[in-house]
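Below, read A as the first sequence line, B as the second, and so on, with proteins coming before strands; counting in each chain starts at 1.
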There are 2 protein chains.
Amino acid sequence: MNEIASPPKQKRTSVGDIVDYLYREITSLRLLPGTRISETDVAERFGVSRQPVRDAFRRLETMDLILVRPKKATEVKKFSARAIEKSRFVRAAVEASALREASKYCDKAGSYQLDACIAMQHKALAEMDARGFAKLDYEFHEAICDIGRVPYAFEVIQVEKAKVDRLCMLGLSKEQRMPELIADHEAIANAIKAHDGDAAVAAGMRHLSRLDETIAAIRISSAAYFDENDG
Amino acid sequence: MNEIASPPKQKRTSVGDIVDYLYREITSLRLLPGTRISETDVAERFGVSRQPVRDAFRRLETMDLILVRPKKATEVKKFSARAIEKSRFVRAAVEASALREASKYCDKAGSYQLDACIAMQHKALAEMDARGFAKLDYEFHEAICDIGRVPYAFEVIQVEKAKVDRLCMLGLSKEQRMPELIADHEAIANAIKAHDGDAAVAAGMRHLSRLDETIAAIRISSAAYFDENDG
DNA sequence: GGATACAAACTTGGATACAAGTATTGACTG
DNA sequence: CAGTCAATACTTGTATCCAAGTTTGTATCC
């Protein structure tokens, strides 16, 4: 019943460590949705008492990563269609605003930043470096927020993205999608550089919509990991 | 050192109760930013052990309402200029999206809903019922999200609004502002009913910008409650 | 053979005792 | 009188024990 991998060796155990560890395990999908985890079990594996584990669970609970059912069990939270919709909406809203701001404030330096990032994405495509591409994708969206002078926007995008990333790891690799994603980025960059906010938003929304297909596919193929009750 | 008011009488004490109680105390500003609160103190006042209080603290911590400094003390979190900016940005982005959606989908029923809400706001103004107006203001924004078919948008707005509401209670009462706020609402409603998304967003952003002046004033008058380090 | 009831083993919730670190306050010394 | 150092009183962090509830397995009875 416990597919929990042993934690890496570390002397300094603390609530933060446990949270970080479980966070990585869950978001990386090494702990699948629905997996039951026990306070005593985690405590033993970390060589600490239940107390710090309890604290860690509380924090993970507010992150919507685990579901604590009193007196019953604690398990990795399943995906919720409604939560995904909400996350997508927030991300779309924030990204749209960031794109508008970026279109307003983009200057020479910003244009160069975008072009450079896209150039490296082409390079990653040529080398079939999916991992590198993921990082560049990350940096591209960060650059947009920087150019738009809304650094907190990227923080929000990151948080929302993390929720969906867990889901997307169930789908097929990004490698096949790289070409069209780069094309999206180019359309976005061009609109920003042309100071055309509406076009930038339109391109950005097209970019986001690609996620919808992926999620829809996963929802069918991995229905077991979805919570039909929602929540 | 402890200005914590005694909790209301209640037999069934639980983590949720403590969270709710402290949440109200903090957001209502009965517990001022910087006030030190102790686990043992709260535990005694509730007649429980430190354990449930700790759990409650963890949850309030992730809500950004308290700041736990290990081995030192726990205090009500001060206001952070950066957090306020971030909250404002998120709220603006989400509200803009909701306004666009509402402008798309508004029908007869939606128009009536908006008009009815505004009519009641006029009534609250005539009666100088600030408390009732606050609730109607709340309902107005909820109606927009309903019409736009983005119920989760209102959840986000609520969360972000709560953060700023705590701050705004330091400022002058809303009573003086009611007329201009109603005028804003009318402009927003008219734009939505005319299916003019751009105008709705513009009016909505004007509405939000009124908050900026209020916050700026508070920041000067109540600098003691602001965290100069930010974070 | 099937259903029901009881018991044992699991889970988290809560209480208490102890450990570790910080700040404050007091005394002592220059 | 001022400065420094140490002790004490505070804080949260951790460990352990007990309580309460759910599930599950097993034995017994029909």
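- In this structure, NZ of A:K71 is placed 6 Å from P of D:dG21, rounded to the nearest angstrom.
- Put simply, CD on B:E44 is 12 Å from P on D:dT12, counting in whole angstrom units.
- Across all strands shown, D:dC30 pairs with C:dG1; the Watson-Crick or G-U wobble distances both stay below 3.5 Å.
- Across the protein-nucleic acid pair, B:R54 atom CZ and C:dT16 atom P stand 16 Å apart, rounded to whole Å.
- The CZ atom of A:R69 sits 13 Å away from the C1' atom of C:dC10 (whole-angstrom rounding).
- A:R50 contributes a side-chain N or O that forms a donor-acceptor pair with the base of C:dG13 under 3.5 Å.
- Open room surrounds CE on A:M169; 12 or fewer heavy atoms of other groups in view lie less than 6.0 Å from it.
- Looking at heavy-atom distances under 4.0 Å, B:Q51 makes contact with a base.
- Evaluated for a side-chain hydrogen bond (donor to acceptor under 3.5 Å, both in side chains) with B:S87, the options B:K161, B:E160, B:R82 yield exactly one hit, B:E160.
- Taking atom CD1 on A:I18 and atom P on D:dA15, their separation rounds to 9 Å, with Å as the unit.
- Side-chain atoms of A:S49 lie closest to D:dA15 of the nucleotides C:dG13, D:dA15, D:dT12.
- In this structure, B:H185 and B:H207 have perpendicular ring planes: the angle between them is above 60°, well past the 30° mark.
- B:K163 has no carboxylate O lying under 4.0 Å from a charged side-chain N of B:D64, or vice versa, which leaves the two without a salt bridge.
- D:dG3 is paired with C:dC28 under the Watson-Crick or G-U wobble criterion, all donor-acceptor distances under 3.5 Å.
- A close approach under 4.0 Å does occur between a side-chain nitrogen or oxygen of B:T74 and OP1 or OP2 of D:dT12.
- A salt bridge is absent between A:D184 and A:R206: the closest approach of a Lys/Arg side-chain nitrogen to an acidic carboxylate oxygen does not fall below 4.0 angstrom.
- Heavy-atom nearest nucleotides on DNA chain D were determined for B:K72 and for A:P52, and the one closer to the 5' end corresponds to B:K72.
- Comparing A:D55 and A:P70 by the nucleotide of DNA chain D whose heavy atom lies nearest to each, the residue mapping closer to the 5' end is A:D55.
- Atom CD in B:E75 sits roughly 11 Å away from atom P in D:dT12 (whole-Å rounding).
- Atom pair A:D41:CG and C:dA9:P shows a separation of 18 Å (rounding to whole Å applied).
- Following rounding to the nearest Å, A:R58 (CZ) and C:dG14 (C1') show an atom-to-atom distance of 11 Å.
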